[in-house]
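Residue numbers begin at 1 in each chain, while the letters A, B, ... track the order of the sequences.
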Amino acid sequence: MKQDTATPQAPMLLHLRANLPIVISFACIILLLLLGSLYSENFLSPDYLIQQLKVASFLGVIATGMMLIILMGQIDLSVPWLLTTGAMMASAATAFGPAGEFLAVPFGVFCGFAMGMVSGVGVAYLRIPAMIVTLAMNVIAQGLMVAYTGGFSPSDTASSGMRYLATGNLIGGVPNAILVWIGIGALAVFVLNRTTFGRAVYAIGNRESAAFLSGAATQRLMMFGFGISGALAAFGGVLLAGYAGKAAQSMGDAYLLPSIAAVVLGGTSILGGRGNYLGTVAGVILVTLLQSILSVMQIAEFGRQIIYGLVIVTMLLLYGRERALR
Amino acid sequence: MKEWRFFAAEQRATLLALVLFLVMFIIYVSNHPAGFTPNVVQTASNKGVILAFVAMAQTLVVLTAGIDLSVGMIFILCNCVGSYVLGGTMASALGGAGLVLLTGLGCGMVNGLIVIFGRLQPIVTTIATGAIFFGLALWLRPFPGTVPDFNGDLADLFTGKLFGVVPASLVFLLAVVLVVWVPLSRSVIGRAIYAVGSSDMAAYMSGMPVKLARFTAFAVGGLLAGFGGLFLTFFTYSGEASLANGDNYTLFSIAAVVLGGVSLYGGRGSAIGAIFGALAFRTIGDLLFVFDFDPLWQPLFQGLVLALAVTFGAARLFRIRNRLEMFS
């Protein structure tokens, strides 16, 4: 009899523990909004919230790829220049007449995918630490783009399709960028939870040798994981170029650390194998909102950086701690 | 004989980095229009030494199987502090130099304390603390600048030439290696740093000072990044809170560490290898200059060399007897 009462409780506690980061993140989002509303009523207006979600959706797309990589226990430092590559190549394709304009988005995404796959070969087959492979890929992508543009910002502007994706409104009042993020997010949830690929991603993150012995083609999956991450980074770049109207050289710099921070704040373990996409959604919104509120409050850049760092450390101390060595 | 072979096996990666650097440097000076003159060597060493300090800082943390992504920001913060305190008389400027180093040490200690007692992963901790350090640097120097009475004599003493031949920066680097790295790596704590990097569990079970080793790695790493920032101030006479510069030095330090044969999995390599890695990485950039390449191709060339260098890390695959070993 005693056992019967004990068993149903255990999974519930487990759930609570696994979901603690998500709960805390969403609580922090609400807290931020309340604090902001003390400063100005506008923080609770639908217009402001929609605008924030729109800005967050660019980071959301990029963080989805980053989460996939982190779940496998790896890291992708090539986000900044793969993002720029996607934006620049899509803008470049636009210059080639109507066909180019039609293929601009797929071409930009494909470039990111191809470069991500090269990193994937290095990590999965050559067994070089992901940190240096993606670092080298970042420098190579930078080199290619700098050589391509001749050191200046490219004159090509974003295609009308890219602009529509990032700034248009398909359904009244809801920006397309949010719809894009919802679409990619739904796909990510489905893939991570309902496909063998997704389960293998978690398995690889927990212990790759065990996943291999269980029959998962770990090396091939990991290679494709990097390809997908590269494609998503490039797609984020395409959206950003559409949002800004054109591609610029340093557009990706501001996305590497926030994408890692968003994933980790959402409760995904940086060591891999544990994490929930809902947490990443919370992390992305939290990071975007934090940046926005700090800038609206007209806190100087140095103060923003310091508060940003302090918030990340504090939140991780709340729930991101490792087990003690014993 | 046995002793000698053991030493060679242990230092193989360091020796490879040395050879890589020497080959590149010989190609560089033999094609330089001015040739092998003290001035050419002085300029090359000044640029190389700054990265060498930051690479040494990164090495210590990487040896514990961690990574310090804030190392570039500590470097920038120290540069900004230096641009305030390195003025006045020789004595006060020297005191200021001490303050700069203390700043670096303090930053490293903060990293270490959070990683050890907060039990957070080094990579995320240093991303966050890096933002804090950069914020502080930006607070000190919203715009590039320096103190009006900057002590240029002291700066020139460290970046000039000894006896008109030897670059003073290289001598100073050697002194830091002898005073900081050699005693540390031979002490109990130094051995514990290597042990923690190989397997923290085994090190803990063997009763090694695991926490102290981690803390020392971060703290001394911060101190060495402080040396880098101090040197940058000596070199430029000013301080600038440049985000791009900080990020670049973090990335370059990882590249230098890899070229220098330090394993990113921890427990293998030495700061001396990282120094040669840093000097080699700097020479790559200079090589393009002497061969009259379009500077536009420099980032691509650097990336390709880095990619080629890390591909040699894949040589490990040839020694694998069982496919499962691959996953470790």
Which atoms of V257(B) come close to chain A, meaning under 4.5 Å heavy atom to heavy atom: side chain ones, backbone ones, both, or neither?
-> neither
Whatever's closer than 4.5 Å to a heavy atom in chain B on T218(A) counts as side chain
Qualifying residue for side chain to side chain contact (heavy atoms under 4.5 Å, CB included) with Q121(B), from I270(A), L316(A), V264(A) | I270(A)
Using a cut-off of 6.0 Å, state whether more than 12 heavy atoms not belonging to R207(A) lie near its atom CZ.
-> no
Does any heavy atom of chain B fall under 4.5 Å from the side chain of V313(A), the backbone, both, or neither of them?
-> both
Contact origin within I67(B) toward chain A - heavy atom pairs under 4.5 Å = side chain
Contact origin within F117(B) toward chain A - heavy atom pairs under 4.5 Å = backbone
Which atoms of L310(A) approach chain B - backbone, side chain, both or neither, heavy atom under 4.5 Å = both
Any chance you could measure Q305(A), atom CD, to L243(B), atom CG, to the nearest 0.5 Å?
-> 6.5 Å
Taking atom OH of Y194(B) as the centre, report whether more than 12 heavy atoms of other residues, nucleotides or ligands fall under 6.0 Å from it.
-> yes
Any side-chain heavy atom of L136(B) sitting closer than 4.5 Å to one from I306(A)?
-> yes
Checking L264(B) against chain A: side chain, backbone, both or neither under 4.5 Å from a heavy atom?
-> side chain
Take L120(B) and L317(A), measure what side chain to side chain contact (heavy atoms under 4.5 Å, CB included) needs, and give me the verdict at the end.
-> CA-CA 7 Å; L120(B) 299 181; L317(A) 285 177; 3.9 Å; yes
Rounded to the nearest 0.5 Å, how far apart are CG of L257(A) and CG of D247(B)?
-> 6.5 Å
For each of L256(A), L135(A), V311(A), I260(A), tally heavy-atom pairs with chain B at distances under 4.5 Å, and name the one with the top tally.
-> L135(A)
Nearest atoms (heavy-atom pairs only) where I140(A) meets A307(B) = CD1-CB, 3.9 Å
Interchain contact, I307(A) with chain B, by part (heavy-atom threshold 4.5 Å) = neither
Taking atom CZ of R119(B) as the centre, does the number of heavy atoms from other residues, nucleotides or ligands within less than 6.0 Å exceed 12?
-> yes
Return the option, out of L140(B), D200(B), V210(B), with the maximum number of heavy-atom pairs under 4.5 Å with chain A.
-> D200(B)
Name the region of M137(A), side chain, backbone, both or neither, that has any atom closer than 4.5 Å to a heavy atom of chain B.
-> neither
How long is the gap from CG on L69(B) to CD1 on I75(A), to the nearest 0.5 Å?
-> 8.0 Å
Correct closest heavy-atom pair for G135(B) and F302(A) would be O-CB, 3.0 Å
With a 4.5 angstrom heavy-atom cut-off, could you sort out which part of L304(B) is near chain A: side chain, backbone, both or neither?
-> both
Is it the side chain or the backbone of W139(B) that comes within 4.5 Å of chain A heavy atoms, both, or neither?
-> both
